[in-house]
Structure formats: structure tokens, C-alpha cells
Protein chains: 2
Amino acid sequence: MKDKTDGAPVERRRGEGVKLVYDILRDEILDLVLPPGSPIDEIQLAERLSMSRTPIREALVRLAGEGLVTTLPNRSTVVSNVDFLNLHTFFDAMTLMYRVTTRLAAEHHRPGDLAAIRARQADFAAAVAAEDALAMIATNRDFHATIAEAGRNPYYLALFCRLLDEGRRILRIYYSSFDDRLPARYADEHDAIIEAIATRDVAAADRLATAHADQIVHQIQQMIARDRRQTVPL
Amino acid sequence: MKDKTDGAPVERRRGEGVKLVYDILRDEILDLVLPPGSPIDEIQLAERLSMSRTPIREALVRLAGEGLVTTLPNRSTVVSNVDFLNLHTFFDAMTLMYRVTTRLAAEHHRPGDLAAIRARQADFAAAVAAEDALAMIATNRDFHATIAEAGRNPYYLALFCRLLDEGRRILRIYYSSFDDRLPARYADEHDAIIEAIATRDVAAADRLATAHADQIVHQIQQMIARDRRQTVPL
DNA sequence: TGTATTTTTTTTGTCGACAAGATGCCGACG
DNA sequence: CGTCGGCATCTTGTCGACAAAAAAAATACA
């Protein structure tokens with residue numbers, strides 16, 4: 001089978017191999033190309049990318065640090081599972097991070113930030129117009145991550161990105177039942193959030209972010225309730 | 001010089017070397033045995049612990065993932081600096097995590113949790129009685145980490161532990177000026193927090209946690225204001 | 001035929017060695 | 001006397017190979 005990740009002996013700059021493996025695995029995990037529970041074979045990856053096992057292992061250690069993979073000692077490392085039993089902890093943290101990052105963005109954003117945020121919103125609108133649910137997921141993530149960057153709190157940013165990535169995985173699982181009627185509402189809410197940030201209206205930013213988070217959480221919960229049969233193994 | 005980390009060729013079980021290096025480096029970084037900016041030489045560590053560079057590198061990658069060390073590409077990896085210019089972001093996140101973890105503990109704690117929390121509080125009280133400021137820092141961290149565990153939100157727990165560790169480092173820097181008059185107040189506040197959690201009084205838990213966080217933040221700020229001269233290089 | 005035990009195979013964790021990149025030193029030149 | 005370029009040294013990033021541990025397979029025995 002022909003793959004875009006060729007096995008030909010390509011020359012790579014020093015220190016670039018790790019990043020390559022890391023990015024590939026990360027994307028494949030978040031896009032569910034590697035579904036939760038998939039074993040990751042180091043040798044196979046090494047042959048596929050025509051490099052030694054050392055950089056692959058380093059990338060795996062980094063992914064394990066972010067919780068995307070789980071390494072069983074002396075056994076294979078597998079893609080981490082999504083903890084459906086404790087999704088409420090995810091929703092709780094997600095909502096809080098939506099709120100604090102948007103609040104902080106309204107407080108601390110600087111001249112260039114609004115342009116970046118609006119650019120991301122344009123990307124999201126394009127994805128909505130194209131009815132590309134996968135692109136919506138990705139651009140929505142980038143939109144809120146950019147807001148978090150404008151808030152300038154690295155601790156919140158790190159946790160928020162982790163949550164957004166996990167959300168990307170969850171949404172992917174329920175991609176088949178993605179309701180493309182709601183996104184228009186999301187786009188409007190995004191515009192309102194931008195407006196609140198631009199006018200430095202912290203209270204409005206908090207209120208809008210809370211409502212936005214509630215929307216997304218509610219939608220995910222609906223998806224889960226709808227497709228529960230498929231998530232429970234026989 | 002004789003060290004407890006001997007260089008004799010000791011036999012180690014498979015997979016134990018990485019954890020050993022990780023724990024040693026982590027402790028030395030948080031205790032400022034390795035002050036911020038210290039270069040970490042892989043070969044030197046490998047000789048000191050009588051092992052290859054591979055497990056040392058894996059431990060360094062994990063530490064880099066937690067932000068405790070910074071790896072300059074193709075150059076040495078150094079202990080991460082404390083960002084004094086943006087301490088307010090640290091205080092902000094710290095206060096929020098104090099609040100949400102204490103709230104969640106009041107909501108979700110289970111039978112065994114209170115005993116564990118009280119045990120940690122006893123450790124803290126013992127450190128206060130012994131007037132051991134270093135032990136106070138460590139036991140205070142464990143006390144709040146145990147509360148966060150009782151809250152059962154892994155996302156908050158991870159961020160909170162990271163913040164508590166960073167706080168441990170900051171307090172260590174100002175250890176010389178540690179005022180051992182305040183800790184008695186801390187112990188009382190801890191008792192009040194335990195009471196609020198036990199009675200599942202979420203509002204009280206939130207209020208007490210906020211006050212507690214404000215106390216600690218205020219004390220650190222006072223320390224910094226007092227010793228600013230030493231923090232500014234010539 | 002089913003189960004327990006041994007053997008084989010596969011995969012991980014660790015090691016020593018080599019090559020790329022960077023830092024510092026030394027000499028040449030303006 | 002100061003600055004630039006080349007050389008030596010040091011550290012890191014990567015590689016191939018070996019050993020330990022677990023899984024899988026094969027065999028012996030009841």
C-alpha cells in the first residue's frame with residue numbers, strides 16, 4: 001500500500017525527526033486514524049519513517065506526557081482511551097477554561113490579537129460555509145486557542161489546549177451524527193464573543209463564553225445520548 | 001566527595017532507571033539544589049548514576065514536558081527559569097485552582113478521602129510545630145493535592161500539582177525570609193477548609209479556599225517586595 | 001481432549017558508538 | 001588593538017545491536 005509517509009531513505013536535518021513523528025502521531029490520534037486502544041509499534045514506525053527507534057521513543061514519551069498515549073511497562077504503548085464514565089469532569093474543566101480564557105482575553109488583549117482572532121473566526125466561517133464538519137472542529141479549536149493566547153496565561157493556555165484536543169477526539173467519535181444546523185449559531189456566538197473582547201467587556205465575555213460552552217457541552221451530550229448503543233461494547 | 005547517589009555499578013530492575021533519574025532531578029529542581037538556569041549534563045548524570053544516557057534523556061524529555069527543564073536544540077538542557085515578570089498569571093491560576101479543587105472536594109469527596117486529608121493536615125501541623133519551613137512547604141503542597149484528588153477531576157489535579165510544584169520552587173527562593181509567624185494561621189485555615197469539605201458546604205469551601213489562596217499570594221508578594229534587591233541582577 | 005509447562009518469538013528497555021552541530025580558542029588580518 | 005575566520009573540543013541527536021520481559025506457540029502429561 002502506498003502511503004504519503006514514504007519509506008524511502010530521506011535526509012533529515014538533525015532534531016527534526018522527533019518533531020515529525022510527534023506531529024504525525026498527534027494528528028493521527030486526534031483524527032482517530034489511530035482509534036483509542038490502538039497499539040503503536042515502534043519498529044513499524046521506524047521502518048515507515050526510515051529512522052531509528054530512538055526518536056520514535058522520544059516522541060512517544062512526549063505524547064505520554066500529554067496523556068495522548070499510555071505506555072504499559074514492558075508492553076506495547078497504546079493510544080489512550082476516552083474516559084466516557086467521567087466526561088462530566090471534562091465538561092466542567094472545559095466550561096471553566098472557556099470562561100477564564102475569554103475573560104482574560106477581554107482584559108489583556110493587545111493590538112494584534114484581535115486581528116488574529118478575527119482571522120480564525122473567518123476560517124471557522126469558511127468551514128461552516130463549506131459544511132465541512134471536520135474543518136469546523138479544527139477551526140473552532142484554533143479560534144478559542146487564539147483567544148486563550150490573547151489572555152496571556154500560559155497555565156490556562158496549556159490546559160485549555162489539552163481539553164480542546166480531547167474535545168476534538170470526542171467530537172470525531174460522534175462525527176457521523178454531527179448536526180450541521182447548529183454551527184451557524186456558533187458563528188454568531190463567536191462574533192458576540194469577539195465584540196465583548198474588543199470592547200473589553202469582561203462581564204459580557206464571561207457570560208457569552210459560559211453560554212457558548214454550555215451549547216457545546218449540551219450538543220456533545222445529545223450526541224452521546226443519541227448514539228449510546230454504538231459506544232457500549234457487546 | 002561522597003554522595004548518596006553512588007557511582008558504584010548497582011543492579012537495577014528493568015524500567016526502574018528512568019523513574020530514578022526523573023525523581024532525583026525533579027526533587028533537586030524543586031528544592032533548588034539545581035537552581036534555575038543550571039545546565040544538566042547528560043554524560044555526567046549517566047556516570048553518577050552508572051547508567052547509559054538513554055534513560056537520562058527519557059527523564060529529561062518528561063521533565064521538559066512538565067516545563068521543569070528547557071532543552072535548547074543541539075545545546076545543553078537547563079533548569080527552567082521562574083518567570084518573575086509574569087507571576088500574576090501564576091497567582092491567578094493558583095487562586096482559581098485552590099477554589100475549584102476545594103469546591104469539588106466538598107461536592108464529591110468519598111468516605112476515605114477525609115481521613116487522607118486529615119492525615120496530611122497532621123503532617124503539616126507537625127512541620128509547623130517543628131518550625132521546619134521546608135517541611136511546611138512540602139506538607140502544605142501535599143495537603144492541597146490530596147484535597148484536589150478528592151475532587152476527582154484529573155484535569156484540575158494535573159494543573160494544580162504543576163502550580164503547587166512551581167510554588168514550592170518560588171517559596172524556596174524566598175526561604176531565607178520565610179516568616180514563621182503566619183503558619184499557625186494557615187493551620188487554622190486548613191482546619192476550617194476540612195470542616196467545610198466534611199459538611200459539604202460548597203459555598204464555605206469556596207470562600208475559605210479563596211481567602212487561603214489570597215493569604216499565600218499575599219505572603220509571596222510581600223517576600224518578593226522585601227527581597228527584590230536580590231532578584232535583580234547587577 | 002484439556003491443562004500445565006517449556007520453548008519460541010516478539011517487543012521493549014538499555015547500551016556503547018558515531019556523526020552533526022555548537023562553543024570556545026587561537027592565529028591572521030585590517 | 002580589535003575583529004574575523006579556521007581549528008579543536010565538547011555536547012547532543014541518532015543509530016544499530018544486545019538483553020530482559022512478556023506474549024504466543026508448541027509440547028508433554030493426565
Side-chain angles (χ1 to χ4, degrees), chain A residues 5-26 28-29 34 36-65 67-80, chain B residues 5-26 28-29 34-80:
Chain A
T5 58
D6 51 76
V10 295
E11 296 178 16
R12 241 187 301 274
R13 277 192 298 277
R14 189 184 172 85
E16 200 155 332
V18 177
K19 189 181 185 322
L20 181 70
V21 183
Y22 175 82
D23 288 338
I24 289 178
L25 281 180
R26 178 191 167 83
E28 293 192 348
I29 291 173
L34 294 174
S38 306
I40 298 180
D41 186 19
E42 300 176 1
I43 300 177
Q44 192 176 337
L45 259 177
E47 290 175 356
R48 186 153 73 102
L49 302 178
S50 65
M51 60 172 64
S52 171
R53 272 177 52 224
T54 308
I56 274 106
R57 282 181 66 83
E58 180 172 334
L60 287 180
V61 170
R62 283 173 58 183
L63 289 169
L68 289 178
V69 302
T70 307
T71 69
L72 293 303
N74 282 324
R75 231 162 311 170
S76 64
T77 83
V78 298
V79 178
S80 296
Chain B
T5 60
D6 51 73
V10 297
E11 296 178 16
R12 242 186 300 273
R13 277 191 297 279
R14 191 183 172 85
E16 201 156 330
V18 177
K19 190 182 186 319
L20 180 70
V21 183
Y22 175 82
D23 288 339
I24 289 179
L25 281 180
R26 178 191 164 84
E28 293 191 347
I29 291 172
L34 294 174
S38 306
I40 298 180
D41 186 20
E42 299 176 0
I43 300 176
Q44 192 176 337
L45 259 178
E47 290 175 356
R48 184 151 74 101
L49 301 178
S50 65
M51 62 173 61
S52 171
R53 272 176 52 222
T54 309
I56 274 105
R57 282 181 66 83
E58 180 172 335
L60 287 179
V61 170
R62 284 174 56 183
L63 288 169
E66 301 176 28
L68 290 178
V69 302
T70 308
T71 69
L72 293 302
N74 283 324
R75 233 161 309 170
S76 65
T77 83
V78 298
V79 178
S80 295

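Lettering follows sequence order; numbering is per chain, from 1.
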| field | Residues from residues 58-70 of chain B lying under 4.0 Å of DNA chain C - heavy atoms | value | none
Rounded at 0.5 Å granularity, tell me how far [atom1] in [X] sits from [atom2] in [Y].
X       : Y       : atom1 : atom2 : value
A/Leu45 : A/Met51 : CG    : CE    : 9.0 Å
B/Ile40 : B/Glu28 : CD1   : CD    : 9.0 Å
A/Thr77 : A/Leu63 : OG1   : CG    : 8.5 Å
B/Arg62 : B/Arg26 : CZ    : CZ    : 10.0 Å

So which heavy atom on [X] is nearest to which on [Y], and how close?
X       : Y       : answer
B/Val79 : B/Pro35 : CB-O, 3.7 Å
B/Pro39 : B/Val78 : CA-CG1, 3.9 Å
A/Leu60 : A/Val69 : O-CG2, 3.7 Å
A/Pro55 : A/Ser52 : CD-O, 3.4 Å

| request: Any chance you could lay out the side chain to side chain contact (heavy atoms under 4.5 Å, CB included) test for B/Thr54 and A/Arg57, step after step, and finish with the verdict? | output: CA-CA 10 Å; B/Thr54 309; A/Arg57 282 181 66 83; 5.7 Å; no
Close N or O pairs between protein and nucleotides 10-12 of chain C (under 3.5 Å):
residue: C/dT12; atom: O2; partner: B/Arg14; partner atom: NH2; Å: 2.1

| side chain to side chain donor-acceptor pair (under 3.5 Å) partners of B/Gln44, counting only residues at least two apart | none
| For B/Asn74, side chain to side chain donor-acceptor pair (under 3.5 Å) partners two or more places apart | A/Arg14
| field | Check: A/Ser80 side chain, A/Leu68 main-chain N or O, donor-acceptor pair, under 3.5 Å | value | yes
| remark: Axis-to-axis angle across the helix from C/dT1-D/dA30 to C/dG30-D/dC1, five pairs each end, nearest 10 degrees, ~ 10°
| said: Going 5' to 3' along DNA chain D, between which two nucleotides do contacts with chain A fall, using a heavy-atom cut-off of 4.0 Å? | reply: D/dT12 to D/dA23
